[in-house]
Structure formats: structure tokens, C-alpha cells
Undergrad: 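One structure, pasted below without further comment.
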Amino acid sequence: MLWTLWFGLLAALLSRTVTAQANAIYRDPDTGLIFSSNYVLYRVNQGITYRVAIPASVQSYTSYDAVIQAVIPNDVGWAGIAWAGSMPRNPLTVAWRNSQNQPVLSSRWAGGHITPQAYNNAQYTLFKTGTKSNGTHWQYTALCKGCTSWTTDTGASRFLSPRGGNRMAFAYSPNRPSSPNSPTSTIPIHDVHGYWQHDFSGAANQDFDAIVERLASGI
């Protein structure tokens, strides 16, 4: 009986993973940006949508800005992404809602499988347009400077490819941080983590700089 239940749940999860949108192109009516979008499950029939938009003029092996947009169910305490597809030694974008239910973005870095600490080399600008909530989900849209490149422990430079797939990872906890109004709050250990290949070639925007300037001005 237990095995039957387990295999039924596993089959449902695998089925949902297959049918979830992978590297869909999303044209955001609010911001005007074109995103490459992926839907990642943190439990059966429940997931988070992660979207990335980048400039079309980016050359390979260079640093570039990116806009990250996430659509997150209200039962999520915090959710984070690792830009290099693993927890240690790459920029981490961790998000939760504060006591006023407004998004908080926290830039983090983990030297290993330990509690991530504040990371100053990736900075975020949260846009008013594209950041919203309703009865089931909340969404943030933000510019990140420093998420697509970083320096390793050996001093080497790492770059995300603007022309193809990049392995990314996510983590989720149902519990909010202990001090939700602070972006440097201690965060609970994640319950679930997972990985996907995010195709940045579908995230290119010809008017990226002009759109970001407009969004940053709040117009």
C-alpha cells in the first residue's frame, strides 16, 4: 500500500515536471520585457516561475545586467536561486515578503553548504512595475548587476552564456526569515531544492537599456 502510494506520487511529480513550461518565451505586458521563463516544482502540482531578461547586444564571456522576475505562491516562506546551478560559490538571489507583505531581495553567497552570507558584488533594483501580489501569488521584478559573472576562489572569472543554456538551481522553505524586514536576516534551512537549464538566448531584448531606465524611474 505504501509503495503504491509512493509510486503514485512519484509518477504525478514526474508527469507534472514534463508538462511544466520549460524555456517558454514570455512577453510581459507590464514591463514590456521579453523573458525566458521556467516553471520549477517545489512539491506536487505547485511551483515557482522564474524569468530572466537580458540585453540583446551582450557578447560572450562578458559581464552584463539581467532582470529577474519570479512568480511565487503565497505559502512560500522564502525562495532563492543560484545563478551557477549550485549553492556554493556563486551569486544567490533570495526573496521573501516582509511584515507588510512587500518583497525583500537579499544578495547572498555561500562558501559551501553552509548558511549564505550577505554578498555585496551583486546589487538589485526592485521595480515597482512588475512587482505585485494577489490572493494566491506574489511577484517581484528586479534588475541585478553582478548576477551573471563572479570571481571564483582561485581568482578566475565565471560568466553565464547569453547565447544558450545555463544551469540554475532553486531552493524553497515554507518558513520566513527570522527578521523578515531585514535583507540580511538569518534564513531557515531549505526544505526542497532543484535544478534546471535556463535558455538565455530567448531572453534577449533589443531595447533593454531603455526599458530598464524607464522601469527604474518608476514611469
Side-chain angles (χ1 to χ4, degrees), residues 22-23 33 35-38 40 42 48-70 72 78-96 103-127 140-173 177 182-205 208-209 212 216:
N23 292 311
L33 287 166
F35 290 91
S36 176
S37 178
N38 277 269
V40 294
Y42 61 88
I48 300 168
T49 299
Y50 282 113
R51 299 171 180 148
V52 175
I54 64 173
S57 59
V58 174
Q59 301 299 312
S60 297
Y61 303 105
T62 61
S63 179
Y64 53 93
D65 295 345
V67 172
I68 175 74
Q69 184 177 84
I72 303 172
W78 67 262
I81 61 170
W83 289 81
S86 64
M87 181 180 174
R89 293 176 286 278
N90 69 113
L92 309 176
T93 304
V94 184
W96 60 83
V104 174
L105 296 186
S106 181
S107 181
R108 301 290 177 112
W109 180 279
H113 290 282
I114 57 176
T115 301
Q117 302 301 310
Y119 177 60
N120 295 325
N121 291 338
Q123 300 291 329
Y124 300 94
T125 300
L126 186 66
F127 296 140
Y140 71 81
T141 304
L143 175 70
C144 182
K145 291 179 175 291
C147 286
T148 63
S149 66
W150 59 93
T151 302
T152 68
D153 293 345
T154 62
S157 296
R158 287 282 310 274
F159 304 96
L160 297 185
S161 170
R163 300 286 181 263
N166 295 290
R167 176 184 159 100
M168 302 183 77
F170 84 99
Y172 141 86
S173 171
S182 170
T184 59
S185 174
T186 300
I187 57 176
I189 295 174
H190 59 74
D191 282 22
V192 175
H193 67 277
Y195 315 92
W196 76 97
Q197 285 291 121
H198 204 109
D199 184 7
F200 278 40
S201 66
N205 286 259
F208 182 88
D209 291 340
V212 164

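Along the sequence shown, the residues carry numbers beginning at 1.
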Undergrad: Does Phe127 reach the side chain of Val212, with side-chain heavy atoms less than 4.5 Å apart?
TA: yes
Undergrad: Using side-chain heavy atoms (C-beta onward) and a distance below 4.5 Å, is Val67 in contact with Val52?
TA: no
Undergrad: So, the side chain of Ser107 versus the backbone of Gln123: is there a donor-acceptor pair under 3.5 Å, distance only?
TA: no
Undergrad: Would you check if Leu33 and Phe208 make a side-chain contact, meaning some heavy-atom pair closer than 4.5 Å?
TA: yes
Undergrad: Filter on side-chain hydrogen bond (donor to acceptor under 3.5 Å, both in side chains), then keep only pairs touching residues 108-118, sequence neighbours left out; what's left?
TA: Ser106-Arg108
Undergrad: For the backbone of Ser182 and the side chain of Ser185, can you confirm whether one donor and one acceptor N or O come within less than 3.5 Å of each other?
TA: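 No, Ser185 side chain to Ser182 backbone: no donor-acceptor pair under 3.5 Å.
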Undergrad: Name all residues meeting the ring pair (Phe, Tyr, Trp, His ring centres under 6.0 Å) criterion together with Phe35; count only those two or more places apart in sequence or in a different chain, and write none if there are none.
TA: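 Expected list: none.
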Undergrad: For residues Pro177 and Trp96, report the shortest heavy-atom separation together with the two atoms involved.
TA: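 Minimum heavy-atom contact is CG-CD2, 3.3 Å.
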Undergrad: Any side-chain heavy atom of Pro162 sitting closer than 4.5 Å to one from Ser201?
TA: no
Undergrad: Rounded to the nearest 0.5 Å, what separation is found between the CG atom of Asn166 and the CH2 atom of Trp83?
TA: 9.5 Å
Undergrad: Does Asp199 have any salt bridge (Lys or Arg N to Asp or Glu O under 4.0 Å) partners at least two apart in sequence or in another chain, and if so, which?
TA: none
Undergrad: For Phe200, enumerate each residue passing the ring pair (Phe, Tyr, Trp, His ring centres under 6.0 Å) test, keeping only those at least two apart in sequence or located in another chain.
TA: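 Partners of Phe200 by the ring pair (Phe, Tyr, Trp, His ring centres under 6.0 Å) criterion, ordered by chain and then number, come out as His198.
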Undergrad: Checking Trp78 side chain against Pro188 main chain: does a donor-acceptor pair fall under 3.5 Å?
TA: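 Yes; at least one donor-acceptor contact below 3.5 Å.
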Undergrad: What is the distance from atom OH of Tyr140 to atom CG of Leu105, rounded to the nearest 0.5 Å?
TA: 5.5 Å
Undergrad: According to ring pair (Phe, Tyr, Trp, His ring centres under 6.0 Å), who are the partners of Tyr124, at least two apart in sequence or on a separate chain?
TA: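 Partners of Tyr124 by the ring pair (Phe, Tyr, Trp, His ring centres under 6.0 Å) criterion come out as none, since no residue qualifies.
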Undergrad: Listed by chain and number, what are the side-chain contact (heavy atoms from CB on, under 4.5 Å) partners of Asp191, not counting sequence neighbours?
TA: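 In terms of side-chain contact (heavy atoms from CB on, under 4.5 Å), with neighbours along the sequence ignored, Asp191 is linked to Tyr172, Ser173, Pro174.
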Undergrad: Quick one: list whatever passes salt bridge (Lys or Arg N to Asp or Glu O under 4.0 Å) with Arg89, sequence neighbours left out.
TA: Asp153
Undergrad: So, using side-chain contact (heavy atoms from CB on, under 4.5 Å) as the criterion, who are the partners of Thr49 when residues are at least two apart?
TA: Ser37, Tyr39, Arg51, Val71
Undergrad: Would you give the length of the straight line joining atom OH of Tyr64 to atom OG of Ser57, rounded to the nearest 0.5 angstrom?
TA: 11.5 Å
Undergrad: Heavy atoms only: give me the nearest Thr141-Gln69 pair and the separation to one decimal.
TA: OG1-NE2, 2.8 Å
Undergrad: Measuring from Thr148:OG1 to Asn90:CG, what's the distance to the nearest 0.5 Å?
TA: 12.0 Å
Undergrad: Check side-chain contact (heavy atoms from CB on, under 4.5 Å) between Ala79 and all other residues, then give those that pass, not counting sequence neighbours.
TA: Ile48, Tyr50, Ile72, Val76
Undergrad: Which pairs with one or both residues in residues 60-70 pass salt bridge (Lys or Arg N to Asp or Glu O under 4.0 Å), sequence neighbours excluded?
TA: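 Passing the test, one end in residues 60-70: Asp65-Lys145.
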Undergrad: Could you report the tightest heavy-atom contact between Ser86 and Ala82, atom names first, then the distance?
TA: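 Between these two residues, the closest heavy atoms are O-CB, 3.1 Å.
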Undergrad: Compare every heavy atom of Ser63 with every heavy atom of Ser149, then report the nearest pair and how far apart it is.
TA: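 For Ser149 and Ser63, the tightest heavy-atom pair comes out as OG-OG, 2.9 Å.
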Undergrad: Where is the tightest heavy-atom contact between Pro183 and Val104, given as atom of each residue plus distance?
TA: CA-CG1, 3.8 Å
Undergrad: Distance check, rounded to the nearest 0.5 Å: Phe170 atom CZ versus Thr93 atom OG1?
TA: 14.5 Å
Undergrad: List in chain and number order the residues that pass side-chain contact (heavy atoms from CB on, under 4.5 Å) with Thr152, two or more places apart in sequence or in another chain; answer none if no residue qualifies.
TA: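 side-chain contact (heavy atoms from CB on, under 4.5 Å) list for Thr152, sorted by chain: Thr154, Ala156, Arg158.
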Undergrad: How long is the straight-line distance from OG of Ser36 back to CD1 of Ile54, given to the nearest 0.5 Å?
TA: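 Here the rounded value is 9.0 Å.
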Undergrad: Got a donor-acceptor contact below 3.5 angstrom from the Asn38 side chain to the Asn23 backbone?
TA: yes
Undergrad: Can you name the residues that form a ring pair (Phe, Tyr, Trp, His ring centres under 6.0 Å) with Phe159, not counting sequence neighbours?
TA: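 Expected list: none.
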